[in-house]
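Below you'll find the structure, written out as structure tokens, and then a few comments.
These figures come from a predicted structure and were not determined experimentally. Numbers restart at 1 for each chain; the letters A, B, ... are given by sequence-line order, proteins then strands.
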2 protein chains.
Amino acid sequence: MSAGRDAPPQRALPVLADVARLSGVSEITVSRVIRNKGPISDKTRERVLHAVAETGYVPNRLAGALASADSMLVGVVLPSVTNIVFADVLRGIHEALAPAGYQPVVGVTGYDADEEERAVRSLLAWQPAAIILAGFEHTEATRRMLAASRIRVAEIMDIDATPIDVAVGLSHRSAGRDIARYLLSRGYRRFGYVGHDWDSDHRARLRFEGLTEELAAQGLALVAERRIAGPSSTLAGRETLAGVLATGERPDVVVFSNDDMAVGGYFHCLAAGLVPRHDIGLFGFNGLEIGAALPLRLSTVRSNRFLIGKLAAEALVARPDRPADTAIINTGYEIEAGETA
Amino acid sequence: MSAGRDAPPQRALPVLADVARLSGVSEITVSRVIRNKGPISDKTRERVLHAVAETGYVPNRLAGALASADSMLVGVVLPSVTNIVFADVLRGIHEALAPAGYQPVVGVTGYDADEEERAVRSLLAWQPAAIILAGFEHTEATRRMLAASRIRVAEIMDIDATPIDVAVGLSHRSAGRDIARYLLSRGYRRFGYVGHDWDSDHRARLRFEGLTEELAAQGLALVAERRIAGPSSTLAGRETLAGVLATGERPDVVVFSNDDMAVGGYFHCLAAGLVPRHDIGLFGFNGLEIGAALPLRLSTVRSNRFLIGKLAAEALVARPDRPADTAIINTGYEIEAGETA
DNA sequence: TTCAGGAATGACAGCGCTGTCATTAATTGA
DNA sequence: TCAATTAATGACAGCGCTGTCATTCCTGAA
């Protein structure tokens with residue numbers, strides 16, 4: 001602990017006291033200068049800042065946060081950072097937190113509720129001012145911890161349930177419905193679906209449900225449906241569409257669980273000599289850049305991911321104590337007509 | 001500070017002392033049980049764990065880290081998280097840190113050295129056990145802070161310079177050379193280059209230099225070269241290749257600064273009715289999944305990004321104090337022949 | 001000249017935990 | 001049976017900082 005007390009001259013890092021000694025003022029005055037808080041004479045400020053520069057002093061935020069009971073940390077729990085969707089959300093969060101002086105601390109769950117619980121527990125230990133997590137599907141223990149902590153909680157991406165505190169996102173069920181309506185209005189009748197594992201990606205399932213509900217309301221049902229076990233990927237989308245078509249099923253449009261899968265479907269069409277829309281409609285979800293760069297722009301739904309992150313973080317920062325009642329912030333979505341459906 | 005001392009019954013979060021009282025042992029014993037450290041009788045352990053569960057106690061890591069001077073935090077400073085390349089690196093880092101009980105704390109620079117300095121300063125304040133950052137291009141102040149901190153430092157992605165402590169990555173200059181050699185061996189002679197801003201992406205520049213050096217060694221030069229000002233993107237790759245070809249320049253192969261750009265180039269070919277390799281060779285860099293999913297697999301170089309993150313984190317964890325001399329860990333790369341060059 | 005009132009600074013305790021060094025109880029070998 | 005270990009537990013101080021509540025020093029109005 002007291003390393004280097006009477007040990008070799010392994011000079012310890014400078015602390016507040018060192019700066020105070022060097023500038024001839026008390027520790028608390030140095031602290032005030034550094035935090036720019038309270039009245040400080042110009043002369044003192046100058047002397048202190050000089051001493052800070054000279055010693056290369058870096059404040060110890062662990063100590064500061066402990067003493068002030070204010071960590072300026074915001075926990076962020078996401079299923080994956082490799083997924084561009086969540087990376088965009090993270091950017092939005094960062095954008096809103098940085099100017100307010102907050103630091104995001106990220107935990108990753110790999111789409112697993114128990115991992116989420118572990119991540120939340122571990123983040124909570126850092127006494128964050130607030131916590132952001134994806135979706136509503138938490139373990140009972142996660143829910144309890146969150147409640148007990150009394151810090152602010154934003155559940156993002158989805159707004160199809162009642163949040164603990166505030167939810168920020170879009171209605172995936174409604175998006176699914178609108179996809180159906182849009183495609184019906186384009187004249188499609190024989191719907192196919194190509195998706196990925198929705199035990200972990202609950203929101204893909206909600207979109208699917210919205211889609212089929214609306215079709216059912218029009219007296220229609222899917223003519224083909226296939227879901228892979230793992231996560232979405234371009235390759236999986238390509239192979240799965242190939243598989244569907246190989247069985248002889250001939251949907252006139254295929255709705256994919258997201259753009260990654262849809263782009264893969266597009267690639268299959270290219271390889272198989274099928275012309276999107278003309279031979280078969282393709283529809284995605286998310287509005288990724290790659291879809292817009294395809295020879296024919298992918299028809300999809302723009303989910304405002306960056307905005308979700310930004311608004312969630314802003315909502316939390318704006319009000320540090322948990323409000324009495326829950327709130328929902330709808331960031332909406334837009335159908336991107338594109339050229340493939 | 002002492003909120004809720006004689007204030008309304010706003011029950012404060014349970015602390016070590018509460019658990020100790022409830023289980024009838026001292027605080028330090030509770031601490032030992034929780035950290036699984038030191039000899040504890042089964043009976044005591046059980047009682048303590050029961051009290052922990054009952055109170056819903058969550059240890060305060062701020063206090064723990066302060067007292068033990070060991071934060072179990074590793075700072076990670078990356079140019080971007082939206083870029084799948086760095087997201088993969090982050091996954092690798094996480095994979096290696098998690099089992100050792102370390103938590104990554106991420107800072108993002110937006111490819112800007114001053115932002116990097118800010119991020120490093122801010123991360124250092126959390127007293128991390130080590131810090132990982134991308135590349136060798138740091139400000140003087142960043143370098144000084146890192147040196148003064150005496151913690152371990154890994155510079156990743158690139159190994160074409162002398163590191164502060166340890167470098168983990170691949171030689172981009174050498175990769176550029178090998179790309180040239182490979183394409184020459186495939187019979188290409190009229191080389192074009194399509195790239196993005198390399199003031200921020202220094203490694204793209206190194207690859208470019210390796211490429212042109214090797215070409216020069218064979219008495220060749222680029223017949224066409226175009227670089228956009230901003231970051232790489234599929235759309236930019238598509239438009240830039242279109243621009244190059246529109247001028248009438250006819251390279252027989254185009255080397256792109258990375259896969260994103262190359263995929264864009266591929267899309268241009270599709271739209272323009274050009275058959276990759278047959279009409280024009282396309283070559284990328286990174287080995288992203290999307291390249292492998294294209295109708296013709298993209299010819300590229302596999303950079304082992306996950307491995308870079310993993311090995312960097314492992315190296316840091318393996319040895320907590322900075323070694324006397326620097327080290328370089330070469331994660332290598334592999335030419336992916338693919339079908340487009 | 002006196003004193004209220006603000007500006008500038010400081011003393012002190014304590015945030016919640018852990019390292020260090022006892023201390024006590026239980027166990028063992030001779 | 002008793003010294004010598006070893007196993008459990010605890011007292012205490014202190015990590016580096018900040019909130020709270022003085023204290024000191026001016027300035028200017030009365």
Not counting sequence neighbours, which residues clear side chain to side chain contact (heavy atoms under 4.5 Å, CB included) with [X]? List them please.
| X | value |
| --- | --- |
| A:A315 | A:I329 |
| B:E314 | B:A96, B:K310, B:L311 |
| A:P320 | none |

Shortest non-hydrogen separation from B:A20 to B:V30 and the atoms involved: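 In terms of heavy atoms, the two residues are closest at CA-CG2, 3.6 Å.
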
Tightest non-hydrogen contact, residues A:L62 and A:W126, listed as CD2-CZ3, 3.8 Å

Quiz item: Can you tell me if CG on A:D321 sees more than 12 non-hydrogen neighbours from other groups inside 6.0 Å?
Solution: yes

d([atom1], [X]; [atom2], [N]) in whole Å:
| X | N | atom1 | atom2 | result |
| --- | --- | --- | --- | --- |
| B:I28 | D:dA7 | CD1 | P | 18 Å |
| A:Q127 | C:dG16 | CD | C1' | 9 Å |
| A:L66 | C:dT18 | CG | P | 12 Å |
| B:N60 | D:dG16 | CG | P | 17 Å |
| A:L13 | D:dC17 | CG | C1' | 15 Å |
| B:E27 | C:dT20 | CD | P | 18 Å |
| B:L16 | C:dT18 | CG | P | 7 Å |
| A:M72 | C:dC15 | CE | C1' | 18 Å |

Expected output: side-chain [X] to main-chain [Y] donor-acceptor under 3.5 Å:
| X | Y | answer |
| --- | --- | --- |
| A:R322 | A:I151 | yes |
| B:D112 | B:T109 | no |
| B:T55 | B:A51 | yes |

Would you kindly check whether a donor in the side chain of A:R32 faces an acceptor in the base of C:dG10, or vice versa, at under 3.5 angstrom?
yes

Does [X] place a side-chain N or O at less than 4.0 Å from the phosphate oxygens OP1/OP2 of [N]?
| X | N | value |
| --- | --- | --- |
| A:S31 | D:dT18 | yes |
| B:S26 | D:dG10 | yes |
| B:T29 | D:dG10 | yes |

Inset, instruction - Give the C-alpha distance, both sets of side-chain angles, the deciding distance and a yes or no for side-chain contact (heavy atoms from CB on, under 4.5 Å) between A:S23 and A:H50. - result: CA-CA 8 Å; A:S23 46; A:H50 185 262; over 6 Å; no

So, with a heavy-atom separation below 4.0 Å from DNA chain C, the residues of residues 35-52 of chain A are A:P39, A:I40, A:S41, A:T44

Report task. Using five base pairs at each end, measure the axis-to-axis angle across the helix from C:dT1-D:dA30 to C:dA30-D:dT1 and round it to 10 degrees. Result ->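 Nearest ten degrees gives 40° for this helix.
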
Using nucleotides 3-5 of chain C, report all nitrogen or oxygen pairs with the protein that are shorter than 3.5 Å.
none

Judged by nearest nucleotide, the residue sitting upstream toward the 5' end of DNA chain D, B:A63 or B:V25, is B:V25

| message | Evaluate A:R121 against A:E117 for salt bridge (charged side-chain N to carboxylate O under 4.0 Å, His left out), listing each step before the verdict. | response | CA-CA 6 Å; A:R121 190 189 312 281; A:E117 179 179 324; 2.9 Å; yes

Determine, stepwise, if the pair B:E155 / B:H138 fulfils side-chain contact (heavy atoms from CB on, under 4.5 Å). CA-CA 10 Å; B:E155 287 161 291; B:H138 320 300; 2.8 Å; yes

